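Just so it is clear, the model here is predicted, and its values are computed rather than measured.
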Amino acid sequence: MNSLTAHKTTQPTDAALDAMQSLLTRTIDAEAGFQKMAQKAEPSFLPVVERFRALHDRHAIAIATMLSSHGRTADRDGSLMGDVNKAVVSLRAIFDRIDSSSFSAIADGENYVLGAFDEAVQHALPIDDASALQAMKAELQRLLVDTGTVA
């Protein structure tokens with residue numbers, strides 16, 4: 001294999017970049033939900049919410065940087081789902097407390113993000129991107145376990 005062929009195989013495809021953008025959007029949406037949750041959370045639950053918000057913030061920055069390094073302008077606006085996340089948190093706060101009883105809702109939302117990680121990893125090239133995405137996914141999975149959000 002010559003150096004031109006080797007170079008081509010390490011460049012991300014449009015599908016890979018689209019998958020990374022989708023992951024970025026889901027990550028930003030999740031962070032928006034946690035920002036709203038932080039405003040409404042019971043004081044004892046706030047540290048858990050902050051850990052998720054900070055993780056998603058860090059991941060969003062890393063994914064946007066990855067996209068930029070491949071010449072793609074990262075869309076950091078999020079989606080309608082981010083607005084839905086914030087509305088759901090606000091409604092829940094009216095009728096219920098934002099505390100450890102929120103774990104099942106958090107797990108559902110995080111599974112949506114984990115699915116986006118799977119999609120992005122499946123398409124990721126170069127291998128450094130795949131490794132970085134897998135490490136971020138593992139970090140989110142550890143946080144879910146550490147906080148007791150999932151068993």
### Query
Do Leu55 and Val145 share a hydrophobic cluster, counting only Ile, Leu, Val, Met, Phe, Trp and Tyr and linking them when any side-chain heavy atoms are less than 4.5 Å apart?
yes
## Note on the structure
Contacts of Ala54 meeting side-chain contact (heavy atoms from CB on, under 4.5 Å) (sequence neighbours excluded), chain-then-number -> none
#### Entry: Spacing of CZ belonging to Arg58 relative to CD belonging to Glu31, to within rounding of 0.5 Å
11.0 Å
### Query
Should Met20 and Leu17 be marked as a side-chain contact (heavy atoms from CB on, under 4.5 Å) after you check the CA-CA gap, both sets of side-chain angles, and the distance that decides it?
CA-CA 5 Å; Met20 274 194 259; Leu17 295 172; 4.0 Å; yes
### Query
Just by distance, with hydrogens left out, do Glu139 and His59 show a side-chain donor and acceptor under 3.5 Å apart?
yes
## Note on the structure
Closest heavy-atom pair, Pro47 versus Pro43, reported as atoms and distance to 0.1 Å, is CD-O, 3.5 Å
### Query
Within a strict 4.5 Å, meaning less than it, do heavy atoms of the Leu46 and Lys40 side chains meet?
no
#### Entry: Short side-chain to backbone donor-acceptor contact, Arg26 and Tyr112, under 3.5 Å
yes
### Query
Taking only residues two or more places apart in sequence or in another chain, which ones pass salt bridge (charged side-chain N to carboxylate O under 4.0 Å, His left out) with Arg142?
none
#### Entry: Atom pair CG/CE of Leu23 and Met66 - distance to nearest 0.5 Å
8.0 Å
### Task
Using modelled atom types only, decide if a donor and an acceptor are shared between the side chain of Asn111 and the backbone of Ala107 within a distance under 3.5 Å.
yes
Side chains of residues 120-128: which donor-acceptor pairs under 3.5 Å do they make with residues two or more places apart or in other chains?
from, atom 1, to, atom 2, distance (Å)
His123, ND1, Glu119, O, 3.0

### Residues forming a side-chain contact (heavy atoms from CB on, under 4.5 Å) with Ala62, sequence neighbours excluded
Met136
### Query
Should Arg72 and Asp14 be marked as a side-chain contact (heavy atoms from CB on, under 4.5 Å) after you check the CA-CA gap, both sets of side-chain angles, and the distance that decides it?
CA-CA 10 Å; Arg72 175 78 64 102; Asp14 284 341; 4.1 Å; yes
### Query
Rounded to the nearest 0.5 Å, how far apart are OG1 of Thr73 and CG of Leu67?
9.5 Å
### By side-chain contact (heavy atoms from CB on, under 4.5 Å) - contacts of Glu110 (at least two apart)
Ala30, Phe34, Phe52, His56, Ile106, Val113, Leu140, Leu144
## Note on the structure
Minimal heavy-atom distance between Thr147 and Thr149, with the atoms involved, is OG1-OG1, 2.6 Å
### Over all atoms of both residues, closest heavy-atom pair of Ala60 and Ile28
CB-CG1, 4.1 Å
### Message
Under 6.0 Å between ring centres: does that hold for Phe103 and Phe45?
### Response
yes
#### Entry: Residues that Asp146 engages under salt bridge (charged side-chain N to carboxylate O under 4.0 Å, His left out), provided they are two or more places apart
Arg51
### Summary
Interatomic distance, CD1@Ile63 vs OG1@Thr27, rounded to 0.5 Å, equals 4.0 Å
### Message
Distance check, rounded to the nearest 0.5 Å: Thr13 atom OG1 versus His70 atom NE2?
### Response
10.5 Å
